[in-house]
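Heads up, the thing below is written out as structure tokens.
Computed from a predicted model, the values in this text were never measured in an experiment. Indexing begins at 1, ligand by ligand and atom by atom, following the structure's order. Computation of the quantities below employed the complete heavy-atom set of this structure, encompassing side-chain atoms and omitting hydrogens, waters and symmetry-equivalent molecules.
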Amino acid sequence: MVSIDVRGASVDFPIFDAKSRSLKHTVLGVVGGNVAANERKVVVIEALRNIDLHVSEGDRLALVGHNGAGKSTLLRLLSGIYEPTSGQALVNGRVAPVFDLGVGMDPEISGLENILVRGLFLGMSRKQMEARVDDIAEFTELGNFLQMPLRTYSTGMRVRLALGVVTSIDPEILLLDEGIGAVDAAFLERAKGRLKDLVDRAGLLVFASHSNDLLKQLCTSALWMEHGTIRQQGPLEEVLDAYKGREHAASGG
Ligand SMILES: Nc1ncnc2c1ncn2[C@@H]1O[C@H](COP(=O)(O)OP(=O)(O)OP(=O)(O)O)[C@@H](O)[C@H]1O
């Protein structure tokens, strides 16, 4: 059974070149984490504070919240990129982190070779990727360009390639950051079916996004984050409504 268990986890980023003296005059901004000084008087950004979270097999959890609320930091904590400053994050299962579509791509090798490399990076075996390469190639519609080095591709062409690979994997735990929503609308429409199949195959999904449309298509529950803490957790619609109401009030609308 795949699962995620986060207990009292905090993540601080020490900022060694910030002046702690001037902090006395700092107030909590609307966006961002909390800025404080630790016991050694080093200024830190408290990106996550005392997070308790349990996610079980079958859960499709949306992460929502203002800019700098801590969504990406939480995803990076779950993927093992960040260690908690205190508390713990126990992750049981093979994690596929899909944060930046371009990560793990090599500009000097061909599109086809990149399909293989990116698949390995996401936890697939060479054999599995070789079996999928034709399907991915067809989806990208890149034709002969797949033989060309990646550096010759336009941004949109790179996104096609990356989305083709990402949607072909079999993840146990799928961690998605919103970048995936930031692609050309017509192609995203084509990719949505594949994205939905990918999420169906995954044992567990955590998806950080500002796009309610995408969240509604892929998630069933939600976690609303605010300044590094959990503001509300529950069924997707309920949390999105509460979050929307709050944003509306904050903008004076
Ligand atoms: N590498 C880093 N070094 C220092 N501070 C960081 C770093 N990464 C994130 N932060 C800070 O941690 C806080 C949480 O950032 P995070 O990227 O997790 O927010 P987010 O909810 O994903 O925001 P957004 O919706 O804008 O992407 C912010 O205050 C940010 O300034």
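At the shortest separation from atom 22 (O) of ligand 1 among protein heavy atoms lies Ser72 OG, 2.7 Å. Looking from atom 23 (O) of ligand 1 to the surrounding protein, the closest heavy atom is Gly68 N, 2.7 Å. When only non-hydrogen protein atoms are considered, atom 21 (O) of ligand 1 lies nearest to Lys71 NZ, 2.8 Å. The closest protein non-hydrogen atom to atom 29 (O) of ligand 1 is Gly33 N, 2.6 Å. The nearest protein atom to atom 12 (O) of ligand 1, hydrogens excluded, is given as Ala47 CB, 3.3 Å; this is a heavy-atom distance. Regarding atom 26 (O) of ligand 1, its nearest protein heavy-atom neighbour is Asn67 ND2, 2.8 Å. Nearest protein neighbour of atom 31 (O) of ligand 1, counting heavy atoms only, is Ile45 CD1, 4.1 Å.
In terms of N/O distances under 3.5 Å, ligand 1 is not approached by Phe13. Between Gly65 and ligand 1, a contact under 3.5 Å exists for no N or O pair. Backbone and side-chain nitrogen or oxygen atoms of Ala69 are examined, and one is located within less than 3.5 angstrom of a nitrogen or oxygen of ligand 1. Residue Gly32 has no nitrogen or oxygen atom sitting less than 3.5 Å from a nitrogen or oxygen atom of ligand 1, judged on distance alone.
Proximity to Thr73 (heavy-atom distance under 4.0 Å) selects the following atoms of ligand 1: 14 (C), 15 (O), 16 (P), 18 (O).
More than 12 heavy atoms of other residues, nucleotides or ligands sit less than 6.0 Å from atom CD of Glu130. Heavy atoms from other residues, nucleotides or ligands lying under 6.0 Å from CG of Asn144 number 12 at most. Within a 6.0 Å sphere centred on CD of Glu108, heavy atoms belonging to other residues, nucleotides or ligands number more than 12.
At a threshold of 4.5 Å between non-hydrogen side-chain atoms, the residues Leu195 and Leu218 count as touching. Contact check for Val133 versus Leu112: side-chain heavy atoms found under the 4.5 Å cut-off. In this structure, the side chains of Ile136 and Arg194 come closer than 4.5 Å at one or more pairs of heavy atoms.
A salt bridge between Arg132 and Asp170 is present, with a side-chain N of the basic residue lying under 4.0 Å from a carboxylate O of the acidic one. Here Asp177 does not pair with Lys71 in a salt bridge; the nearest charged N to carboxylate O distance is not below 4.0 Å. Note on Arg7 versus Asp5: salt bridge recorded, some NZ/NE/NH1/NH2 to OD/OE distance being below 4.0 Å.
Put simply, no part of Arg76 is less than 4.0 Å from ligand 1, judged by heavy atoms. Residue contacts with ligand 1 include His210, since one of its heavy atoms falls under 4.0 Å from the ligand.
At least one test fails for Arg231 against the ring of Tyr243: distance under 6.0 Å to the centre or angle within 45° of the axis.
Of the protein's heavy atoms, at least one falls inside 4.0 Å of atom 7 (C) of ligand 1.
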